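Note sheet for the following structure.
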Amino acid sequence: DPTISYGQEQYRGVGRHDGTSEASITNSTEMGQGACNNFISPLLLDPHDRTRLYSGGCSLWRTVDATAPTVVWNVAKASTGTPISTIAVSPQSASIVWVGHNNGAVFRTANATAATPTWVTVDDGANVGTLPNRFVSDIEIHRINAGEVFVTLGGFVAGPGGLVAWLTRT
């Protein structure tokens, strides 16, 4: 429906506009300034299903019917204690989703549409993986090969280290 749009205000306040009126569709769990959210938290509409919406706090929240009068949000990825900074859905499959966190942690799943997706640690933001422990600013999944992913990182540390990393995962 081209008349429906979604937006997010600070600390995961999610809204929907249907062309004539606006409604809050926020999940009150893990929402607000002190609730492990970034000031600008990620919000992503699944390109494969225009009723599936993702919102990132410490947990990855998912609704499968963002157009419903009462929107129900469920945890698609449990909290690691650090806010999610970016979300990416593969152009090839709604099942492939990646998330990045403020501390540099990166996770992926190949069954995102399952009731309880299984997540794999690509980089834990501390000891597992090769990425610098910096804010993950964006993740882009290759449009043809879902095994090729760009992860961009923000921040500054003294000494060597790049701001962009290229990952290949199968």
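For this chain, numbers begin at 1 and follow the sequence in order. In this text the structure is predicted, and so the values were computed from the model without any measurement.
Inter-residue side-chain proximity for Trp61 and Val75 is flagged as met; some heavy-atom pair is nearer than 4.5 Å. Within the 4.5 Å cutoff, the side chain of Phe39 has heavy atoms near those of the Tyr11 side chain.
Of the options Leu43, Ile84, Val97, a side-chain contact (heavy atoms from CB on, under 4.5 Å) to Tyr54 is made by Val97 and by none of the others.
In summary, the aromatic rings of Tyr6 and His17 are positioned with their centroids too far apart to meet the 6.0 Å limit.
If you take CD1 on Ile87 and OG on Ser55, they are separated by 6.5 Å, rounding to the nearest 0.5 Å. The distance from the OG1 atom of Thr86 to the CG atom of Asp138 is 4.5 Å, given to the nearest 0.5 Å. Taking CD1 of Ile25 as the start and CG of Leu53 as the end, the distance is 5.5 Å to the nearest 0.5 Å. Atom OG1 of residue Thr109 and atom CG of residue Leu60 lie 10.0 Å apart, to the nearest 0.5 angstrom. Between the CD1 atom in Ile40 and the CD atom in Gln8 there is a gap of 8.5 Å [rounded to 0.5 Å]. Annotation: the span from Thr121 atom OG1 to Asp123 atom CG amounts to 9.0 Å, rounded to 0.5 Å.
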* **Worked verdict on Phe135 versus His101 for ring pair (Phe, Tyr, Trp, His ring centres under 6.0 Å)** => CA-CA 6 Å; Phe135 181 89; His101 290 257; over 10 Å; no
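Residue pairs meeting the salt bridge (Lys or Arg N to Asp or Glu O under 4.0 Å) criterion with at least one partner in residues 41-58, sequence neighbours excluded, are Asp46-Arg52, Asp49-Arg52. The stretch residues 56-82 participates, sequence neighbours left out, in no salt bridge (Lys or Arg N to Asp or Glu O under 4.0 Å) pair at all.
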